Amino acid sequence: MLNLVLFGPPGAGKGTQSERLMQRYGLVHLSTGDIFRHHLKQETELGKLAKTYIDQGHLVPDTVTVSMLKSAVLEQNSPNGFIFDGFPRTTPQAAALDRLLLELNTDITLMLGLEVEEEELKMRLKNRATASGRSDDADPQIIANRIAVYNRETAPVKDFYAAQQKFVAIDGTGSLDSVTERLFAAIDSRT
Ligand code: ADP
């Protein structure tokens, strides 16, 4: 299996690039943000719980997120592999993902970290708010919270994969196509 983690701060382009990786390598794309938004829309119990965190720009608690992700993985019938987008976002989530994949006799192949500087991120999120209708993109205070949470809780996940020699940094600036080319090249040279 080819199992990729696409990593990077809010607005780095994970969603867009995941779609392209999914198509090229025939992977299942699992975005915890998308799954949460689906629950929000359906107003499920999980959605109502997640909303209280998402609206503040905080992380949904690990126990909730991990069990949701586990079900989504186990639901798949002999997939070629996964692209994890927006997960793992904390070191305990990364450890839980390793355990889950071990049960399936597989592991993470590579973590691809999209790097974009903070001013550019803020600009992208502001622009995206109009198109996405996401309330967490519309408020500069919430955006600042998300970036702070990223720096504090999520950035260390990079070290978790670097320790396994699985982390690759990718320049996330320039055209969408040029970022895609960099991702393809990094994957193809490692597999
Ligand atoms: P972005 O990458 O633009 O911040 P996402 O769509 O990945 O957006 O996530 C939106 C929100 O959903 C996050 O701010 C967080 O509240 C919640 N969320 C998504 N993934 C996770 C996760 N792995 N752990 C905890 N909370 C999460």
Side-chain angles (χ1 to χ4, degrees), residues 3-19 21-22 28-73 82-101 108 111-158 160-161 170 172 176 179:
N3 297 309
L4 305 172
V5 175
L6 193 56
F7 188 73
K14 300 186 294 289
T16 313
Q17 298 297 338
S18 289
E19 294 295 324
L21 295 175
M22 169 185 94
V28 174
H29 174 207
L30 291 183
S31 156
T32 42
D34 285 352
I35 305 175
F36 280 132
R37 279 185 289 278
H38 177 77
H39 280 277
L40 246 67
K41 227 168 143 187
Q42 305 292 320
E43 298 182 350
T44 65
E45 286 308 310
L46 175 59
K48 284 180 208 160
L49 173 71
K51 186 173 165 44
T52 57
Y53 297 95
I54 294 174
D55 282 353
Q56 299 301 314
H58 295 144
L59 293 182
V60 178
D62 283 344
T63 46
V64 177
T65 307
V66 166
S67 88
M68 178 182 84
L69 189 277
K70 259 190 179 173
S71 320
V73 166
F82 291 96
I83 170 145
F84 298 100
D85 162 8
F87 183 94
R89 247 180 166 90
T90 63
T91 305
Q93 288 182 15
L97 180 61
D98 267 7
R99 286 193 296 273
L100 172 64
L101 294 178
I108 289 297
M111 170 186 257
L112 302 147
L114 292 175
E115 301 194 328
V116 178
E117 56 136 320
E118 197 164 313
E119 281 317 303
E120 163 99 18
L121 292 173
K122 287 183 178 157
M123 211 173 65
R124 288 188 189 181
L125 289 171
K126 227 174 107 201
N127 293 337
R128 184 171 82 182
T130 328
S132 71
R134 277 176 56 174
S135 56
D136 62 341
D137 283 346
D139 180 339
Q141 185 54 53
I142 308 276
I143 291 178
N145 272 356
R146 284 159 63 203
I147 295 177
V149 167
Y150 174 83
N151 289 332
R152 193 175 62 235
E153 297 189 52
T154 306
V157 177
K158 177 160 112 177
F160 181 93
Y161 290 98
I170 304 286
L176 288 177
V179 177

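In this text the structure is predicted, and so the values were computed from the model without any measurement. In listed order, ligands and their atoms are each counted from 1.
Counting heavy atoms closer than 4.0 Å to ligand 1, residue Arg128 contributes side-chain atoms (C-beta onward) but none from N, CA, C or O. Using a 4.0 Å cut-off between heavy atoms, Ile54 contacts ligand 1 through both its backbone and its side chain. Within the 4.0 Å heavy-atom criterion, the part of Arg134 lying near ligand 1 is the side chain and not the backbone.
Considering backbone and side-chain atoms alike, Ser31 places every N or O at 3.5 Å or more from each N or O of ligand 1. For ligand 1, the polar-atom distance check against Gly86 finds a nitrogen or oxygen pair separated by under 3.5 Å. Considering backbone and side-chain N/O atoms, Tyr53 never comes within less than 3.5 Å of an N/O atom of ligand 1. Looking at Thr32 next to ligand 1, an N or O pair under 3.5 Å apart turns up.
Listed for the Gln93 side chain is a donor-acceptor partner under 3.5 Å among the backbone atoms of Arg89.
For atom 13 (C) of ligand 1, the choice among Arg89, Arg37, Lys51, Lys14 with the nearest heavy atom turns out to be Arg89.
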* Kindly determine whether Leu30 and Phe87 satisfy side chain to side chain contact (heavy atoms under 4.5 Å, CB included), including the steps that lead there. => CA-CA 8 Å; Leu30 291 183; Phe87 183 94; over 6 Å; no
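Between Asp137 and Arg146 there is a salt bridge, since at least one side-chain N of the basic residue sits less than 4.0 Å from a carboxylate O of the acidic one.
In terms of protein heavy atoms, atom 16 (O) of ligand 1 is closest to His58 O, 2.6 Å. Closest to atom 26 (N) of ligand 1 among all protein heavy atoms lies Val60 N, 3.1 Å. Nearest to atom 24 (N) of ligand 1 among the protein's heavy atoms is Gln93 NE2, 2.9 Å. What sits closest to atom 27 (C) of ligand 1 on the protein, heavy atoms only, is Phe36 CE1, 3.8 Å.
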